[in-house]
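Note that these values count all heavy atoms, side chains included, but never hydrogens, waters or copies made by symmetry. Every chain is numbered from 1 and lettered A, B, ... according to where its sequence line falls, protein lines coming before strand lines.
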Protein chains: 2
Amino acid sequence: MLTDPATLAIVDDHPIVLEGLQKLLNNVKSIQITGCFTSGMTFMSFLKENKVDVLLLDITLPDANGIELCREVKAISPETHVLALSNHSERSMILQMIQNGATGYLLKNISSEELVACIQEALNGMITFSRGAKEIMARPSISELKGIPQLTKREKEILQLIADGKTTPDIAQQLNLSPLTVETHRKNLIQKFQVRNVAALIKIAAQQGLL
Amino acid sequence: MLTDPATLAIVDDHPIVLEGLQKLLNNVKSIQITGCFTSGMTFMSFLKENKVDVLLLDITLPDANGIELCREVKAISPETHVLALSNHSERSMILQMIQNGATGYLLKNISSEELVACIQEALNGMITFSRGAKEIMARPSISELKGIPQLTKREKEILQLIADGKTTPDIAQQLNLSPLTVETHRKNLIQKFQVRNVAALIKIAAQQGLL
DNA sequence: TTATTTCTACCTGTTTTCAGGTATTTTTGC
DNA sequence: GCAAAAATACCTGAAAACAGGTAGAAATAA
């Protein structure tokens, strides 16, 4: 099959890494490196003028954080596949990147063959992880999962409404309850989650996937 | 290599699906089906007595929702790999399942060979997706990404503190600012996100991966 | 049928949040 | 250097949230 090679850009603040990746990927015919950048800003201005099929993004940058940069990239150019390239091996970080539009996550200890395979998979429109990242994703930390208080049906219901920005009077009316009752439930929620106010409550609930 | 076959359980409220999967997987020597259940409750009591290496979990159940069930399973038995099996093809749903401890997500249109391969990958301690799920994950909805207001450094900082349950006086003290200033930032955050109160603010921020 | 949990509702008083502004001083980008 | 953006700070008053209780009715499980 003869098609145009895919365009690839790299953002990494270590010039050594940049060179290494360049050398490595230059041998791959299906990929054409069209840009290397050491900061998020310079890449963003490049992206506005040029098509980029795949971006290898080191998420630890001096000027901006990788998560936001990833989102900005996808906002401007949804068809660009962002592959995070990082030493961060926390599951939550990987999840955040994916949540913010990354097509994959590669740990920096990745082998060159694996790297090419992952880029190829991204080009085919599939999410992809390096071996190490796959293993991390399969091992959720126990603390992430437990420690979720047992909520009653009513409490879950009210939690949702609170998260939607409804006030106590709103909720009371919607559920045909006394505002005082709603207040009680709200109080119980705060107590069960051991927090001071709804802000912290909603944060935990959201992070636990309850919303 | 001769090792004990891996134990596998299935939870699905459609008996037909249950039978189909059973028949399909009975031919696979490395896998032994040790239980089939049509409700979350019955499976949970089974799990307390028996080791389960892999659980195929239909996330649309009558009695409990799959997300919570998944978390409960992992809380009791972290070594059990939960593979969600579902028709739901929303990216957010897949993400939620992963966030809640699932080792993988399989769309129900999966082929039998792929199913076996995915189970194998889960047994090897790797996250795994069916082909369709991989494609969905690589295509974040634009609406998910954009529409995030531009926040200043200070606003981000204060947003974090609010999410941690800090009150305006707390934040003012911590940042050496007037409480009135903090109030202004708080107000601007609420306005930028177009919400009524912090509850809704934190929910959106969390869902956008800003926290 | 009990025991337990859940849901309901109430009270008081304090603190915090929110809505509606205005306005000066720094930073930052061009 | 200048314009724009960001950060700072202020004011008032109303609404909502929070702390710290108590307590009866209804549903559920043992």
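Between the side chains of A/Y105 and A/S130, no donor-acceptor pair of N or O atoms lies under 3.5 Å. Under 3.5 Å, the side chains of A/S39 and A/T42 contain a donor-acceptor pair of N or O atoms.
With sequence neighbours excluded, no residue forms a ring-ring contact (aromatic ring centres under 6.0 Å, His included) with B/F193. Taking B/F129 as the reference, nothing meets the ring-ring contact (aromatic ring centres under 6.0 Å, His included) condition, with sequence neighbours excluded. Every residue meeting the side-chain hydrogen bond (donor to acceptor under 3.5 Å, both in side chains) condition with A/D53, not counting sequence neighbours, appears here in chain and number order: A/T7, A/K51.
Smallest separation of non-hydrogen atoms from B/S86 and B/H88: OG-N, 2.7 Å. A/A84 approaches A/I59 most closely through the heavy-atom pair CB-CG2, 3.9 Å.
Residue pairs meeting the salt bridge (Lys or Arg N to Asp or Glu O under 4.0 Å) criterion with at least one partner in residues 169-194 of chain A, sequence neighbours excluded, are A/E155-A/K192, A/D170-B/R196, A/E183-A/R186.
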Check: What one-letter contact string describes nucleotides 3-17 of chain C from 5' to 3', where B marks a base within less than 4.0 Å of any protein heavy atom, S marks contact via sugar-phosphate atoms alone, and - marks no contact?
Finding: ---SSBBB-----SS
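Axis deviation across the helix from C/dT1-D/dA30 to C/dC30-D/dG1 amounts to 80°, comparing end segments of five pairs, rounded to 10 degrees.
Between the CD1 atom of A/I171 and the P atom of D/dC18 there is a distance of 11 Å, given to the nearest Å.
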